[in-house]
Each structure stands twice: as structure tokens, then as C-alpha cells.
Amino acid sequence: MTERLRHMLRDDDINHEEQKQILSLGMHFREDRFYHRPFEGPQAVAVLFDKPSTRTRSSFSVGVAELGGYPLVIDKSGSQLGRGEPVADTTRVLTRMTSVLVWRTFGQERIEEMAQYATVPVVNALTDSFHPCQVLADFLTIAQMRGGVDALEGMTIAYVGDGANNMANSYLLAGATAGMHVRIAGPNGFLPAANIVEDAKRIAAANGGSIVVTTDARKAVADADCVFTDTWVSMGEEAEYAIRSKPFWPYQVNDELMSLAKPDALFQHCLPAYRGKEVTSSVIDGPQSVVWDEAENRLHAQKALLTWLIGWQREDESLMR
């Protein structure tokens with residue numbers, strides 16, 4: 001690589017133009033899955049999982065293979081990390097053998113420590129704080145449905161539900177980076193942390209976007225171009241569903257709430273979804289839902305991100321054409 005080492009640990013690790021580059025490359029991969037194969041050799045990409053996964057595991061495994069590489073998938077139960085080996089020690093070993101490190105883990109500090117010791121790009125495949133790969137796929141879906149990457153700037157997106165989770169944080173930062181008008185709605189006690197909101201406002205101001213955080217779901221969704229939600233109960237908290245879900249019922253995405261958005265508004269959900277809870281079946285299975293394209297776009301967006309991070313996109317502008 002001729003440029004400094006880049007990581008994707010949180011959504012604002014890239015700027016407005018870089019985000020557009022990655023999404024444009026994702027559009028190319030969506031049109032031709034074998035458009036570019038920068039990991040031919042094959043080079044290995046380590047994909048580590050501290051949490052169960054369907055979409056992240058399949059999209060990274062298939063994606064790395066389609067890029068010409070070898071996906072080295074490592075589960076917590078089969079690694080020394082799962083037995084307490086320091087993150088730094090695992091990183092020092094894997095970074096000598098692979099071209100990229102991808103990790104789905106818990107605390108954000110864990111992946112930041114990995115990046116501190118890595119000599120190859122590190123990708124956040126989900127932490128408790130951010131989910132940047134998912135939001136790249138979500139924005140790629142909007143670009144797919146609305147005429148391209150340039151259409152994102154100036155759009156209004158609304159996320160309703162648990163506003164204190166990783167998805168809300170990523171929509172704030174990524175939406176601000178894209179120059180979108182981002183609205184987050186959730187109950188008191190489940191709103192984004194002040195420091196994330198301030199970061200998002202600063203980025204939005206530079207890119208022509210705006211940030212609104214509210215407890216009013218109807219206000220958030222009014223005239224929105226896209227409506228997002230997520231599960232009310234995070235992985236591992238299912239036993240507490242009855243208690244934890246009580247504050248969120250006014251934030252259910254149903255036909256009435258969707259009717260407040262623009263007539264052609266899209267509905268997205270990162271999945272898995274609990275039909276009848278955070279979203280009704282009539283919405284997620286309805287004509288405005290693009291959740292299956294969204295799920296597929298994890299593959300294309302992540303291939304674009306991996307390609308960009310290892311330097312090919314930034315060194316060869318012809319890949320944009």
C-alpha cells in the first residue's frame with residue numbers, strides 16, 4: 001500500500017468523498033459480482049466472531065471468496081481469544097498471516113485495541129457501539145433504489161426504536177457523513193449518547209446535513225425518504241423481552257407510522273426481525289420494504305469496503321468508472 005493504513009472501526013473513519021467512493025464501488029460489485037478480485041493468490045482475510053451471526057458470516061465469507069481470497073473464519077469457541085488470550089497477542093499473530101482482520105465482538109475498545117497492534121486494515125463487523133458495515137449496505141440499498149450514490153445527499157432518514165444502540169449510532173455518523181438529514185426517535189432512557197450526537201452534528205454541518213434526536217416517532221418519520229428500525233432486545237437479552245420491550249411499543253413501525261413518511265418511502269431492517277414487535281408483517285412484507293435487497297447488499301458493500309481499504313480503490317481511479 002502506498003497510503004497510510006486505514007481501518008473501519010466506526011462510521012466516521014471515512015469522509016464524505018470516501019464514503020461515496022466505497023458505495024460507488026459497491027454498485028459496481030452489485031452489477032458484476034466478479035468485477036474486481038484484489039485478493040487473488042489467494043490472500044487470507046481473518047473473520048473473527050465473538051457473537052453468533054448469519055448475515056455477517058455469510059456475506060464476509062462469500063465476499064472474500066468472490067474477491068479471490070480465502071476467508072479464515074474463526075469462532076470464539078475455537079480461538080485462544082475465547083480462552084482469554086490478550087487481543088494484542090492474537091492480533092500480532094494474525095496480522096502477519098492475513099491481509100485484513102474483520103471482527104464481530106462486544107466492546108468497541110476491543111476492536112480499537114486490535115487496530116492499535118495490526119499492520120493490516122481492521123474492520124468492525126459489529127460492536128456494542130457501531131455497525132458500520134450494515135449501514136454501508138443500507139445506504140447502498142437506497143442508492144440502488146433511488147438512482148445512484150449522488151441521490152443520498154439531502155435525503156431524510158428516520159430510525160425509530162432503541163436510539164441508544166449501535167445501529168442508531170451508526171446511522172447518526174454515517175448519515176451525517178453522507179450529508180443526510182438524520183432523525184433518531186426513541187423513548188427516554190434509550191436515546192443516543194451526547195458525544196455521538198455532537199460528533200454527528202459537527203459532521204453533518206460540514207456536509208449539508210442535519211441531526212434531530214426526539215422521543216416523538218411521528219415527528220421523526222414525517223416526510224422521511226427511508227424508515228429504519230431494529231430489534232428492541234439485543235442478542236443475549238431475549239429472556240428480558242417482556243420487560244425491556246414495554247417502552248418501545250409506541251415506536252413500532254406499522255402501516256399508520258409508515259403512512260406519515262413519503263408515499264414512496266423505503267423501509268429497512270438489519271434483521272433478524274421480530275414480526276409483530278418492532279415491525280408489523282404488513283410493513284416488512286409490504287411493497288415499501290427492501291429488506292432482502294438490503295441483506296444482499298451486505299455482500300456488495302463489504303466487498304467494496306475491503307477493496308477500498310487495501311488501497312486498490314484509492315490508487316486506481318479507473319475502478320470508479
Side-chain angles (χ1 to χ4, degrees), residues 8-13 19 51 55-56 104 106-108 111 124-139 141-142 152 155-204 209-222 224-237 244-253 257 261 265-274 277-279 291 294 298:
M8 187 60 155
L9 309 183
R10 45 185 273 171
D11 305 77
D12 56 349
D13 281 339
Q19 185 189 69
K51 296 183 176 184
R55 278 150 292 274
T56 300
R104 182 183 180 98
F106 294 91
Q108 181 72 12
I111 201 157
N124 177 353
L126 179 144
T127 63
D128 294 342
S129 299
F130 303 101
H131 200 353
C133 291
Q134 178 66 58
V135 176
L136 282 174
D138 295 353
F139 288 4
T141 305
I142 298 175
L152 296 178
M155 278 193 168
T156 298
I157 63 172
Y159 170 87
V160 296
D162 185 353
N165 70 6
N166 51 8
M167 290 305 304
N169 290 341
S170 280
Y171 286 127
L172 283 167
L173 296 182
T177 300
M180 291 174 157
H181 303 292
V182 185
R183 303 171 183 169
I184 305 292
N188 285 316
F190 296 93
L191 295 174
N195 63 310
I196 300 297
V197 174
E198 288 307 310
D199 286 345
K201 287 182 176 179
R202 172 180 48 80
I203 297 167
S210 64
I211 302 296
V212 172
V213 175
T214 178
T215 58
D216 188 339
R218 298 173 68 87
K219 177 181 176 181
V221 171
D225 294 286
C226 191
V227 178
F228 301 90
T229 193
D230 189 13
T231 57
W232 296 337
V233 176
S234 298
M235 193 179 300
E237 298 175 338
R244 180 174 166 80
S245 63
K246 285 183 179 179
F248 295 111
W249 284 106
Y251 301 87
Q252 181 189 69
V253 182
L257 191 65
L266 305 174
F267 170 77
Q268 296 194 47
H269 190 306
C270 62
L271 303 177
Y274 291 83
K277 302 295 195 306
E278 72 272 9
V279 61
V291 297
E294 177 188 7
R298 289 289 302 276

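Side chains included, hydrogens not; waters and symmetry mates left out as well; all remaining heavy atoms used.
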**OP:** Kindly give the heavy-atom pair with the smallest separation between F139 and L152, and that separation in Å.
**Re:** O-CD2, 3.7 Å
Original post:
So which heavy atom on G161 is nearest to which on W232, and how close?
Top reply: CA-NE1, 4.4 Å
Original post:
Can you check side chain to side chain contact (heavy atoms under 4.5 Å, CB included) on E278 and V253, steps first, answer last?
Top reply: CA-CA 6 Å; E278 72 272 9; V253 182; over 6 Å; no
Subject >> 4.5 Å side-chain heavy-atom contact, T229 and Y251 >> reply: no
Original post:
Side chains of T56 and R298: closer than 4.5 Å at any heavy-atom pair?
Top reply: yes
Original post:
Within a strict 4.5 Å, meaning less than it, do heavy atoms of the R104 and N124 side chains meet?
Top reply: no
Subject >> Separation of C226 SG from L266 CG (nearest 0.5 Å) >> reply: 5.0 Å
**OP:** Assess the side chains of R10 and Q108: does a donor N or O sit below 3.5 Å from an acceptor N or O?
**Re:** no
Subject >> The single option from I211, L172, D12, D11 passing side chain to side chain contact (heavy atoms under 4.5 Å, CB included) against I203 >> reply: D12
Subject >> Non-hydrogen atoms of A185 and A220 that approach each other most closely >> reply: CB-CB, 3.6 Å
**OP:** Evaluate the side-chain proximity of F267 to V291: yes if any heavy-atom separation is below 4.5 Å, no if none is.
**Re:** yes
Original post:
Hey, does the side chain of D225 reach the backbone of M155 with a donor-acceptor pair shorter than 3.5 angstrom?
Top reply: no
Original post:
What is the minimum heavy-atom distance between A265 and A224, and which atoms define it?
Top reply: CB-O, 3.4 Å
Subject >> Trace of the side chain to side chain donor-acceptor pair (under 3.5 Å) decision for H131 with S170 >> reply: CA-CA 6 Å; H131 200 353; S170 280; over 6 Å; no
**OP:** Would you name the heavy atoms of G186 and L191 that are closest together and state the gap between them?
**Re:** O-CD2, 3.3 Å
Original post:
Say you draw a straight line from CZ of F106 to CD1 of I111; how long is it, rounded to the nearest 0.5 Å?
Top reply: 13.0 Å
**OP:** Quick one: do L173 and F130 satisfy side chain to side chain contact (heavy atoms under 4.5 Å, CB included)? Show the steps, please.
**Re:** CA-CA 9 Å; L173 296 182; F130 303 101; 3.5 Å; yes
Subject >> Validation row: K201, I196 side chains within 4.5 angstrom (heavy atoms) >> reply: no
Original post:
With a 3.5 Å cut-off and no angle check, do the side chains of T214 and R183 form a donor-acceptor pair?
Top reply: no
Original post:
What do you reckon, are the aromatic ring centroids of F190 and F248 less than 6.0 Å apart?
Top reply: yes
Original post:
Hey, are N165 and D230 close enough side-chain-wise for a donor-acceptor pair under 3.5 Å?
Top reply: yes
Original post:
For H269 and E294, does a side-chain donor sit closer than 3.5 Å to a side-chain acceptor?
Top reply: no
Subject >> Close side-chain approach of V212 to I184, heavy-atom, < 4.5 Å >> reply: no
Subject >> Full working for side chain to side chain contact (heavy atoms under 4.5 Å, CB included) between D199 and R202 >> reply: CA-CA 5 Å; D199 286 345; R202 172 180 48 80; 3.5 Å; yes
Subject >> Residue pair D162 / R244: nearest heavy atoms and the distance that separates them >> reply: OD2-NH2, 2.8 Å
Subject >> Flag side-chain contact, heavy atom, 4.5 Å: Q134 against L126 >> reply: no
**OP:** Check the pair I157, H181 against side chain to side chain contact (heavy atoms under 4.5 Å, CB included), reporting the backbone distance first and the verdict last.
**Re:** CA-CA 6 Å; I157 63 172; H181 303 292; over 6 Å; no
Original post:
Given side chains that start at C-beta, do those of T231 and M167 come closer than 4.5 Å, heavy atoms only?
Top reply: no
